[in-house]
Amino acid sequence: MFTSINMIKITANGETFSIEDGTSLPDFLAERGQAPERVVVERNGEALTQSDAKAATLASGDVLEIVRIVAGG
């Protein structure tokens with residue numbers, strides 16, 4: 001049996017990605033070696049709280065800016 005997978009396009013940090021429709025933001029980050037709790041994400045111009053980021057499902061056309069949190073002093 002053949003199953004069709006719907007793909008969508010998003011942009012993250014200026015790079016275009018084709019991902020499976022229904023992909024969560026945490027899954028997208030994890031697939032790229034990013035720990036969701038160690039980044040700040042802006043989605044379509046709006047900064048997401050950690051709880052919003054954990055619950056977010058990506059949609060076609062989303063534009064993400066992902067910034068890694070760095071401790072320093």
Side-chain angles (χ1 to χ4, degrees):
M1 176 185 245
F2 177 75
T3 304
S4 176
I5 298 174
N6 291 326
M7 302 297 284
I8 61 172
K9 290 191 185 283
I10 66 163
T11 303
N13 292 359
E15 186 176 346
T16 301
F17 293 89
S18 291
I19 61 171
E20 188 174 335
D21 192 16
T23 299
S24 71
L25 177 56
D27 287 346
F28 176 78
L29 294 171
E31 289 171 7
R32 278 140 195 88
Q34 298 285 340
E37 62 278 0
R38 300 218 182 261
V39 297
V40 174
V41 179
E42 183 179 278
R43 179 182 185 186
N44 303 324
E46 182 178 328
L48 300 178
T49 65
Q50 285 292 322
S51 60
D52 287 343
K54 287 179 183 178
T57 299
L58 298 173
S60 183
D62 276 348
V63 177
L64 307 175
E65 289 297 325
I66 303 165
V67 179
R68 192 168 62 109
I69 300 170
V70 179

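Between the CG atom of D27 and the CD1 atom of I19 there is a distance of 9.5 Å, given to the nearest 0.5 Å. Separating the OG atom in S18 from the CD1 atom in I5 is a distance of 12.5 Å, to the nearest 0.5 Å. E20 CD to N6 CG: the interatomic distance, rounded to the nearest 0.5 Å, is 8.5 Å.
Screening L29, I69, L25 against V39 for a side chain to side chain contact (heavy atoms under 4.5 Å, CB included) leaves a single residue, L29. Residue V41 is tested with T49, D52, L64 for a side chain to side chain contact (heavy atoms under 4.5 Å, CB included); the sole match is L64. For the pairing with L48, the side chain to side chain contact (heavy atoms under 4.5 Å, CB included) check across E42, R43, K54 returns one residue only, R43.
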Might you work through the side chain to side chain contact (heavy atoms under 4.5 Å, CB included) test for I66 and F28, ending with a clear yes or no? CA-CA 11 Å; I66 303 165; F28 176 78; 4.1 Å; yes
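A donor-acceptor pair is defined here as one N or O able to donate and one able to accept, closer than 3.5 Å; such a pair exists between the side chain of N44 and the backbone of V63.
Within a 6.0 Å radius of CZ in R32, other residues, nucleotides and ligands contribute more than 12 heavy atoms.
The two residues A56 and P26 come nearest to each other via the heavy atoms O-CD, 4.0 Å.
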